[in-house]
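We use all heavy atoms of the structure for the numbers below, so side chains are in, but hydrogens, waters and symmetry mates are not. Since the model is a prediction, treat every value here as computed from it, not as a measurement. As the structure lists them, so they are numbered: ligands from 1, and atoms in each ligand from 1.
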Amino acid sequence: MTDARTALVTGAARGIGAATARRLARDGYRVAALDLREEDAETTAAAIRADGGDALAVGADVGDEDAVVQAVAHVARTLGPPTVLVNNAGILRDNLLFKMSTADFDDVLRVHLRGAFLVSRAVQAHQVEARWGRVVNLSSTSALGNRGQANYAAAKAGMQGFTKTLAIELGPFGVTVNAVAPGFVETEMTRAVAERVGVPFEDLLAAEAKAVPVRRVGQPEDIAAAVSFFASEEAGFVSGQVLYVAGGPRG
Ligand SMILES: NC(=O)c1ccc[n+]([C@@H]2O[C@H](COP(=O)([O-])OP(=O)(O)OC[C@H]3O[C@@H](n4cnc5c(N)ncnc54)[C@H](O)[C@@H]3O)[C@@H](O)[C@H]2O)c1
């Protein structure tokens, strides 16, 4: 494992981030699983170690500049310089525009956009030094517009512009930057949506599956597989792209 590269996955305590951390560990990376609370991230790190991988749990808020700088330095010291980064941490604060508070708008942009900016800026120093790197950002089909998600849609569309710009700036250093834009994926995030609108989660899953061409909702592993491709050595000529992983376009 000593020659293995180090991957940093944010929001890795559960859901898509946890599945991605486990997948990258199976792909041979050492994995830093970062989440708000170290003890939550440790669940993922422990599962990776139980599978024979090498993992570190890190607690940090991706929107906190000092915490991010310290966390990335800690990862570099403990696991090795992170050259693969998955900007996955995210929150929802859904509401119709006329009811959306300024705090709900700011909080969503802070975690998704400011968070991706801060972590990417800290990690790029290691990537540029290594003359190799991969950044994968989590966008969403909501980037195309979704009722009740003015804040989230703006953040996820912003992730796409951020992705393309980083691809241009970091490409000369051997770093590719791409985005994965999932459709509806079964996680705690979408379970919370069901709770908020007062619909049993199973009913929401069934309704969503009906609207998807492949007639099922996504699983975290579906998204992890796409991230794994972008992170791979063989994807070195693919950069600045957005891959929609949504079971097909909405009809
Ligand atoms: N689930 C879906 O249907 C779906 C669809 C499209 C895009 N996405 C995106 O995929 C990503 C993961 O979604 P998920 O469904 O697994 O969500 P989730 O809510 O299950 O997990 C998100 C994780 O991010 C962490 N997190 C939140 N704020 C943080 C912060 N400030 N600093 C560090 N960690 C923080 C949470 O603690 C949590 O562990 C998000 O960016 C989300 O917007 C999800």
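- In this structure, atom 29 (C) of ligand 1 lies nearest to the protein heavy atom Leu36 CG, 3.7 Å.
- Under 4.0 Å from ligand 1, not a single heavy atom of Pro220 appears.
- Under a 4.0 Å N-O distance rule, the pair Lys99/Asp104 does not qualify as a salt bridge.
- The shell of residues lying under 4.0 angstrom from ligand 1, judged by heavy atoms, excludes Ala12.
- When all heavy atoms are compared, the tightest approach of Leu205 to Val217 is O-CG1, 3.5 Å.
- With respect to the salt-bridge test (charged N to carboxylate O, under 4.0 angstrom), the residues Arg216 and Glu186 do not qualify.
- Heavy-atom contacts of Ile91 reach the following atoms of ligand 1: 27 (C), 28 (N) (cutoff under 4.0 Å).
- For ligand 1, none of its N or O atoms has an N or O atom of Val111 under 3.5 Å away.
- The nearest protein atom to atom 15 (O) of ligand 1, hydrogens excluded, is given as Thr187 OG1, 2.6 Å; this is a heavy-atom distance.
- Residues Leu138 and Leu170 do not share a hydrophobic cluster, clusters being chains of Ile/Leu/Val/Met/Phe/Trp/Tyr side chains in contact below 4.5 Å.
- For the pair Trp132 and Val175, the minimum side-chain heavy-atom distance is 4.5 Å or more.
- Of the heavy atoms in Arg37, none comes closer than 4.0 Å to ligand 1.
- Of the heavy atoms in Thr190, only side-chain atoms (C-beta onward) come closer than 4.0 Å to ligand 1.
- In terms of protein heavy atoms, atom 32 (N) of ligand 1 is closest to Val62 N, 3.0 Å.
- No side-chain heavy atom of Val86 sits under 4.5 Å from any side-chain heavy atom of Asn137.
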Determine, step by step, whether Ser228 and Asp27 satisfy the side-chain hydrogen bond (donor to acceptor under 3.5 Å, both in side chains) criterion, reporting the C-alpha distance in whole Å, the side-chain angles of both residues, the deciding distance to 0.1 Å, and the verdict. CA-CA 8 Å; Ser228 167; Asp27 290 347; 2.6 Å; yes
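- Within the listing of ligand 1, atoms 3 (O) sit less than 4.0 angstrom from a heavy atom of Phe184.
- Ion pair Glu208/Arg215 not flagged as a salt bridge, since none of the NZ, NE, NH1 or NH2 atoms sits closer than 4.0 Å to an Asp/Glu carboxylate oxygen.
- Two residues are said to be in side-chain contact when any heavy atoms from C-beta on lie closer than 4.5 Å; Arg23 and Glu221 fail this criterion.
- For the pair Phe184/Leu204, a side-chain contact is recorded, criterion being any heavy-atom separation below 4.5 Å from C-beta on.
- Numbered from 1 in the order shown, with element, the atoms of ligand 1 that lie under 4.0 Å from a heavy atom of Asn88 read 10 (O), 11 (C), 12 (C), 40 (C), 41 (O).
- The shortest heavy-atom distance from Gly183 to ligand 1 is under 4.0 Å.
- Close approach of ligand 1 to Gly15 is summarised as follows: ligand atoms under 4.0 Å from at least one heavy atom of the residue are 16 (O).
- Contact between Lys156 and ligand 1 is present, with at least one heavy atom of the residue lying under 4.0 Å from the ligand.
- Among all non-hydrogen protein atoms, the one lying nearest atom 18 (P) of ligand 1 is Arg14 NE, 3.4 Å.
- Salt-bridge check for Arg22 with Asp51: passed, with a basic side-chain N closer than 4.0 Å to an acidic carboxylate O.
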Dump the intermediate steps for salt bridge (charged side-chain N to carboxylate O under 4.0 Å, His left out) on Arg110 and Asp61, then the final yes or no. CA-CA 10 Å; Arg110 177 180 180 277; Asp61 173 354; 3.0 Å; yes
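- Given atom 27 (C) of ligand 1, the protein heavy atom at minimum distance is Gly90 O, 3.5 Å.
- In summary, the atoms of ligand 1 found under 4.0 Å from a heavy atom of Ala13, numbered by their order in the structure, are 39 (O).
- Only the side chain of Leu138 comes within 4.0 Å of ligand 1, counting heavy atoms alone; its backbone N, CA, C and O stay farther away.
- Comparing Ala89, Ala246, Ala19 by heavy-atom distance to atom 35 (C) of ligand 1, the nearest is Ala89.
- Of all the listed residues (Val9, Ile16, Thr141), Ile16 holds the heavy atom that lies closest to atom 13 (O) of ligand 1.
- In this structure, Ala60 is part of the shell of residues with a heavy atom less than 4.0 angstrom from ligand 1.
- In this structure, atom 39 (O) of ligand 1 lies nearest to the protein heavy atom Asp35 OD2, 2.6 Å.
- Shortest contact from atom 9 (C) of ligand 1 to any protein heavy atom: Tyr152 OH, 3.7 Å.
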Run Lys164 and Glu169 through salt bridge (charged side-chain N to carboxylate O under 4.0 Å, His left out) and show every step you take. CA-CA 9 Å; Lys164 288 168 194 285; Glu169 292 189 14; over 6 Å; no
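- Using a 4.5 Å heavy-atom cutoff, the side chains of Val136 and Val180 are in contact.
- Under 4.0 Å from ligand 1, not a single heavy atom of Glu186 appears.
- For atom 31 (N) of ligand 1, the candidate residues are Asp61, Asp40, Asn87, Val86; the nearest heavy-atom contact is made by Asp61.
- One finds a salt bridge joining Arg196 and Asp94 here, because a Lys/Arg side-chain nitrogen approaches an Asp/Glu carboxylate oxygen to under 4.0 Å.
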